[in-house]
Amino acid sequence: EPEVTQTPSHQVTQMGQEVILRCVPISNHLYFYWYRQILGQKVEFLVSFYNNEISEKSEIFDDQFSVERPDGSNFTLKIRSTKLEDSAMYFCASSPSPGTGVGNEQFFGPGTRLTVL
Amino acid sequence: DQQVKQNSPSLSVQEGRISILNCDYTNSMFDYFLWYKKYPAEGPTFLISISSIKDKNEDGRFTVFLNKSAKHLSLHIVPSQPGDSAVYFCAASAGTTSGTYKYIFGTGTRLKVLA
């Protein structure tokens with residue numbers, strides 16, 4: 001069964017450092033997303049991406065964040081200068097289309113746990 | 001801004017009995033609702049969904065009920081099995097100005113099915 005994969009599973013970094021979280025969406029999906037979950041809190045939408053550009057972003061997704069699809073398979077989230085409050089689980093998701101309905105659900109990867117010291 | 005709420009952080013049920021997980025929402029523009037299950041160290045796994053034009057959707061042991069007037073949905077698991085023990089997230093789909101959809105998640109309910 002196709003699945004979304006993410007690397008690394010755990011990333012530890014020092015405050016102020018740049019990190020890149022990587023995702024490989026399901027191969028025939030066209031829409032990609034990043035969500036995050038701070039420990040003990042709910043999963044929050046960060047950004048959606050289609051056709052090599054950002055479709056929508058939340059207020060959390062400020063200038064420190066960027067996304068990129070550098071090749072035909074990877075989808076990355078970059079945090080330029082990490083802060084302590086960026087510590088969270090980051091989930092990548094993909095869907096075949098942007099709509100709702102059966103078959104359009106977003107499929108999530110296992111997540112990357114980011115720890116900022 | 002808690003547009004999707006799951007007021008029960010945890011629920012314990014005996015194996016074989018019914019599990020009922022509840023979710024309330026505030027935004028009447030939500031048009032699609034989903035339930036995800038999450039095991040530790042894994043991402044959310046899609047379980048079942050329902051469109052706002054329906055009031056019930058069933059898939060095997062899982063049934064989701066939607067009460068639009070009350071802005072309430074629930075997930076019923078019958079019969080509950082120990083393998084169902086996980087955190088269950090309710091999510092609502094909100095369209096965006098770009099035409100894509102983002103999910104608004106609740107805080108989750110930890111279900112424990114006791115053998």
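Just so you know, these numbers use all the heavy atoms, side chains as well, and skip hydrogens, waters and symmetry mates. Numbers restart at 1 for each chain; the letters A, B, ... are given by sequence-line order, proteins then strands.
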Please say whether more than 12 non-hydrogen atoms of neighbouring residues, nucleotides or ligands are located less than 6.0 Å from NZ in A:Lys57. no

Using a cut-off of 6.0 Å, state whether more than 12 heavy atoms not belonging to B:Arg17 lie near its atom CZ. no

Other residues, nucleotides and ligands only: do more than 12 of their heavy atoms fall within 6.0 Å of CG on A:Leu39? no

Toward chain A, the part of B:Tyr36 with a non-hydrogen atom under 4.5 Å: side chain

With a 4.5 Å cut-off on side-chain heavy atoms, are A:Gln41 and B:Thr107 touching? no

Spacing of A:Phe91 atom CZ and B:Glu42 atom CD [to the nearest 0.5 Å]: 10.0 Å

Rounded to the nearest 0.5 Å, the CD atom of A:Gln37 sits from the CZ atom of B:Phe105 at a distance of 9.0 Å

CD (A:Gln106) and CG (B:Leu34) are apart, to the nearest 0.5 Å, by 8.0 Å

Indicate if B:Leu21 and B:Leu66 have the same hydrophobic cluster label, given that clusters are the connected sets of ILVMFWY residues with side-chain heavy-atom separations under 4.5 angstrom. yes

Taking the six-membered ring for Trp, are B:Tyr103 and A:Tyr35 parallel (under 30°), tilted (30 to 60°) or perpendicular (over 60°)? tilted

Should we count CZ of B:Arg61 as having more than 12 external heavy atoms under 6.0 Å? yes

Atom CG of residue position A:Asn51 - does it have more than 12 heavy atoms of other residues, nucleotides or ligands inside 6.0 Å? yes

Does A:Lys83 NZ have over 12 foreign heavy atoms under 6.0 Å away? yes

Determine the option with the most heavy-atom pairs under 4.5 angstrom with chain B, choosing from A:Cys92, A:Gly111, A:Gly109. A:Gly109

Validation row: B:Lys102, A:Glu44 side chains within 4.5 angstrom (heavy atoms): no

Of all the heavy-atom pairs spanning B:Ser49 and A:Glu105, show the shortest one and how long it is. OG-OE2, 3.6 Å

Please check if atom CZ in A:Arg69 has more than 12 non-hydrogen atoms from other residues, nucleotides or ligands closer than 6.0 Å. yes

Kindly compute the distance separating NZ (B:Lys38) from CE (A:Met89), expressed to the nearest 0.5 Å. 5.5 Å

Does any backbone or side-chain atom of B:Ala41 lie under 4.5 Å from a heavy atom of chain A? Answer side chain, backbone, both or neither. backbone

